[in-house]
Amino acid sequence: MPKVDILMTGAYPEWDMEDLEAKYTVHRLWEADDKEGLLANVGDSIRAIATRGELGASTTLMQSLPNLEIVSCYGVGTDAIDLAHARTRGIRVTNTPDVLTEDVADIALGLLLATARHIPQADVFVRSGQWGKAPMPLVTRVAGKRLGIVGMGRIGQAIARRASAFGCEISYFSRRPQSQVSYVFEPDLIALAEWSEFLIVIVPGGEATKNIIDAAVLKALGANGILINVSRGSTVDEEALIAALRDGTIKAAGLDVFLNEPKIDPRFLALDNVVLQPHHGSGTIETRKAMGQLVRDNLAAHFAGAALPTPVV
Ligand code: 8YV
């Protein structure tokens, strides 16, 4: 029986690639010099897309695949997948929730600690031989501070659990109050920013949250405030953020996500009050193995006519 043809938009770790190549005929879109030519040649045979959260599946891409049945996403965020188009065509969409929750929450707190306590700068201080010649500058405490969380889904709740252990006071902004948590719900994002010493952004990407962190929110966060973004680059107005970092409107930022990844705005590289991560919140061996397994389990379930483990559409 011929193997099912699938299209991959970007690479997975080798352990996933080996399994997918063994089970399917894999077409590697990201390696094609002539992507349109590849799609023209094999588009009719493609029954599945295996993509990544940041790569998604555009309307144009899905329209070029007339026999597409499923998009399996390696990541929890599906904002780069045209879900409405998938729904109109009856294309299933799956993602990889839960398995990455703890890692992304870890990196949110890790970025907060790194940004507030100047951990990258301290490493340079030692390596460059400054220790003993000048005192390391005093920095910002994290424990016991006021933390605003923008988005109180699974990852937001995991962030709050960690911050509670740090003795932080926690309030959150969300579309609606989350009855399963006891933290203070603040429906006014500006008011939350004014109250917060730290603001962690963990809302889903997409049009509804585009630039939700804008110049007004950054001004409200204030000159002693620290912004952490582990959501999507689209949730922060980057022009406003770069200006706020440059002008001292906020103290500092820790960023795992950006617009135009991986070719981020070069102005970030010139700022000394920002800690930069390469969209690596879920980037541990354990979590990526679990994510890859879920992608493959969803594909296998679909082609076996079984229930999908983690359906979105
Ligand atoms: C993924 C992400 O690991 O889960 C998401 O939506 O953005 C990341 O956690 C990344 O997209 C994998 O390439």
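First listed ligand is number 1; within each ligand, the first listed atom is number 1. What's counted below: heavy atoms across the whole structure, side chains too, no hydrogens, waters or symmetry copies.
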(request) Please indicate whether Lys35 has more than 12 foreign heavy atoms, meaning atoms of other residues, nucleotides or ligands, lying under 6.0 Å from its NZ. (result) yes
(request) State whether the side chain of Asn273 and the backbone N or O of Lys251 hold a donor-acceptor pair below 3.5 Å, judged by distance alone. (result) yes
(request) Taking the side chain as every heavy atom from C-beta outward, state whether Glu102 and Arg162 have any atom pair closer than 4.5 Å. (result) yes
(message) How close do Val313 and Ile91 get, counting heavy atoms only, and between which atoms?
(response) CG1-O, 3.5 Å
May I have the N/O to N/O pairs between ligand 1 and the protein that fall below 3.5 Å, each with atom names and distance to one decimal?
from	atom 1	to	atom 2	distance (Å)
ligand 1	3 (O)	Ser282	OG	2.3
ligand 1	3 (O)	Arg288	NH2	3.3
ligand 1	4 (O)	Val76	N	2.8
ligand 1	6 (O)	Val76	N	3.3
ligand 1	6 (O)	Gly77	N	2.7
ligand 1	6 (O)	Arg232	NH2	2.7
ligand 1	7 (O)	Arg232	NH1	2.7
ligand 1	7 (O)	Arg232	NH2	3.3
ligand 1	7 (O)	His279	NE2	2.6
ligand 1	9 (O)	Ser282	OG	3.1
ligand 1	11 (O)	Gly53	N	3.3
ligand 1	11 (O)	Glu54	N	3.4
ligand 1	11 (O)	Glu54	OE1	2.6
ligand 1	13 (O)	Arg52	NE	3.3
ligand 1	13 (O)	Glu54	OE1	2.8
ligand 1	13 (O)	Glu54	OE2	3.2

(request) With salt bridge (charged side-chain N to carboxylate O under 4.0 Å, His left out) as the test, would you mind laying out the steps for Glu169 and Arg146 before giving the verdict? (result) CA-CA 5 Å; Glu169 280 184 78; Arg146 294 188 304 277; 5.2 Å; no
(request) Using a strict cut-off of less than 4.0 Å between a Lys/Arg side-chain nitrogen and an Asp/Glu carboxylate oxygen, indicate whether Glu239 and Arg267 qualify as a salt bridge. (result) yes
